[in-house]
Amino acid sequence: MDERLLIGALKGGKNTKIISLNKKKMTKMPSALEKLPGLKTLDLQNNLIPKVCPEISTLTQLTVLNMGNNLLEEVPEEMKYLTSLKALHLFGNRICRFATGACDGLQNLILLNLNKNRLTQLPQEVNRLKSLTCLSINYNQLTSIPRELCFLENLSELHFNYNQLICIPEEIKFLKKLQKLFLARNNMEGLPEGICDLKKLRILDIAGNNVQIFPPRFQDLKLREFYCEDNPLFLKQPFTAKQQEDVWSLKNWKISQNLQLVPLRILLCSYKCFNRRNPNVFGISQE
């Protein structure tokens, strides 16, 4: 694309606030952007851009950057200069890493969208995104979530659907403002007890995992929507309990579809508990 055509189209000159170059078959980001220091919104989605230009560092007033559906392979270091950025869309790229320092200047970032990339892990530096409220990393290859993420106290939404997560950290209990947690289609076998401390959690989706049992106090959550289809909620073999070991408790729970019961872990004081029949408790003791 001829950069002179770009500049000619910007009648506002330095006062230009919004630029949309969606679906222009661009193979590089125009360096002429440095002449637009007052730019607020830059839309470059659906192009063929493999990396950002150095001149983007001059856009210190930029609040929205959309580079979705391009050819980026990393969250670039140049992001650290966009100190006013509030929304960053990088979905549909080939991103497999964060460049060193990429998170350093994003103190005002509220939304980060990394859906449909190739990330296998998140860097510890993600804890520098102090203002982040929504993080979406659906359709990646994450196998774990760094505990540092759980200290971003403003987070209210986490989207990790369609990854390869085995578990989530106990430190999730520190996300006191978390309202929505999406973990569908992963490889998790359980949830940490810390999730029961999320008093503001209203939506939880763990459909399509390997969860068989839930932590104590799970029924105390004030969920409005709970999805757990396609989980093996009961062991195929009987659960054998020794003294002071966990067994299951069945509690009524308002959940999606036609499921009526969720198995919870409880602690039995002794074998004598098995002699006191109760419709909410069942187990098998060893002789």
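Residues I95 and L111 are members of separate hydrophobic clusters, defined by side-chain heavy-atom contacts under 4.5 angstrom among Ile, Leu, Val, Met, Phe, Trp and Tyr. Both I172 and L221 are part of a single hydrophobic cluster, where members link through side-chain heavy atoms under 4.5 Å apart. Connection of L72 to L142 is established within a shared hydrophobic cluster, with ILVMFWY side chains joined at heavy-atom distances below 4.5 Å, either directly or through further cluster members. Note on I137: it clusters hydrophobically with F98, by side-chain heavy-atom contacts below 4.5 Å among ILVMFWY residues. The cluster map of Ile, Leu, Val, Met, Phe, Trp and Tyr, joined by side-chain heavy atoms under 4.5 Å apart, puts F91 and V126 in different clusters.
N113 places no side-chain N or O within 3.5 Å of a backbone atom of H89 that could act as its donor or acceptor partner. Between the N47 side chain and the Q45 main chain, a donor and an acceptor come within less than 3.5 Å of each other. Between the side chain of N161 and the main chain of A184, a donor-acceptor pair closer than 3.5 Å is present. Side-chain atoms of N163 come within 3.5 Å of backbone N or O of Q141 as a donor-acceptor pair.
The two residues C196 and P216 come nearest to each other via the heavy atoms SG-O, 3.1 Å. Summarising the geometry of L106 relative to L82, their closest heavy-atom pair is CD2-O, 3.7 Å, with the distance given to 0.1 Å. When every heavy atom of N231 is checked against every heavy atom of A207, the shortest pair comes out as ND2-CA, 3.8 Å. Contact detail for P192 and P169: the closest heavy-atom pair is CG-O, 3.8 Å. Heavy-atom minimum distance, F160 versus N138: N-OD1, 3.5 Å. Taking each heavy atom of M26 and P30 in turn, the nearest pair found is CE-CD, 3.2 Å.
Shown here are the side-chain contact (heavy atoms from CB on, under 4.5 Å) partners of T100, two or more places apart in sequence or in another chain: there are none. With sequence neighbours left out, the ring-ring contact (aromatic ring centres under 6.0 Å, His included) criterion links Y162 to Y139. Looking at residues two or more places apart in sequence or on another chain, you find a side-chain contact (heavy atoms from CB on, under 4.5 Å) between V52 and M29, I56, M67, P76, E78, M79. Every ring-ring contact (aromatic ring centres under 6.0 Å, His included) that H159 has, sequence neighbours left out, goes to F182. Under the ring-ring contact (aromatic ring centres under 6.0 Å, His included) criterion, Y81 pairs with no residue, sequence neighbours left out. Residues that satisfy the side-chain contact (heavy atoms from CB on, under 4.5 Å) test with L48, not counting sequence neighbours, are T27, L71. In this structure K51 satisfies the side-chain contact (heavy atoms from CB on, under 4.5 Å) test with no other residue, sequence neighbours excluded.
Residue pairs meeting the ring pair (Phe, Tyr, Trp, His ring centres under 6.0 Å) criterion with at least one member in residues 16-51: none, sequence neighbours excluded. Residues in residues 116-132 take part in these side-chain hydrogen bond (donor to acceptor under 3.5 Å, both in side chains) pairs, two or more places apart or across chains: D104-R128. Counting only residues at least two apart or in different chains, side-chain hydrogen bond (donor to acceptor under 3.5 Å, both in side chains) contacts with residues 172-184 comprise N154-K177. Within the structure, the side-chain hydrogen bond (donor to acceptor under 3.5 Å, both in side chains) test picks out the following pairs touching residues 53-72 (sequence neighbours left out): N46-N69. For residues 192-211, the pairs satisfying side-chain hydrogen bond (donor to acceptor under 3.5 Å, both in side chains) are D197-R217, with sequence neighbours left out.
Interatomic distance, L33 CG to I19 CD1, rounded to the nearest 0.5 Å: 6.0 Å. Rounded to the nearest 0.5 angstrom, L175 CG and L149 CG are separated by 6.5 Å. To the nearest 0.5 Å, atom NZ of residue K24 and atom CG of residue L44 are 11.5 Å apart. If you take CG on L165 and CD1 on I168, they are separated by 8.5 Å, rounding to the nearest 0.5 Å. Distance check: L109 CG to C134 SG gives 10.0 Å after rounding to the nearest 0.5 Å. One distance of note links CG of L223 with CD1 of I203; it measures 9.5 Å at 0.5 Å rounding.
Contact annotation: the side chain of L21 never approaches that of D43 to less than 4.5 Å [non-hydrogen atoms, C-beta and beyond]. Between M188 and L183 there is a side-chain heavy-atom pair separated by less than 4.5 Å. Within the 4.5 Å cutoff, no side-chain heavy atoms of R94 are placed close to those of E74. The shortest side-chain heavy-atom distance between L155 and T133 does not fall under the 4.5 Å cut-off. Looking at L129 and Q107, their side chains never come closer than 4.5 Å, going by heavy atoms from C-beta outward. A heavy-atom distance below 4.5 Å is found between the side chains of L90 and L88. In this structure the side chain of L132 reaches within 4.5 angstrom of the side chain of L112, judged on heavy atoms. Between T143 and I166 there is no side-chain heavy-atom pair separated by less than 4.5 Å.
Taking the six-membered ring where the residue is Trp, F226 and F214 present perpendicular rings, their angle passing 60° and hence far from 30°.
Crowding of E34 atom CD: a count of heavy atoms from other residues, nucleotides or ligands under 6.0 Å exceeding 12. Taking a 6.0 Å sphere around CD of E189, one finds it holds 12 or fewer heavy atoms contributed by other residues, nucleotides or ligands.
Looking at Y227 and E225, their side chains do bring a donor and an acceptor atom within 3.5 Å of each other.
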Stepwise, does the side-chain contact (heavy atoms from CB on, under 4.5 Å) test hold for L42 with L62?
-> CA-CA 8 Å; L42 177 58; L62 196 67; 3.9 Å; yes
Before giving the answer on side-chain contact (heavy atoms from CB on, under 4.5 Å), spell out for I195 and L204 the whole-Å C-alpha distance, their side-chain angles and the decisive distance to 0.1 Å.
-> CA-CA 10 Å; I195 200 170; L204 176 60; 4.2 Å; yes
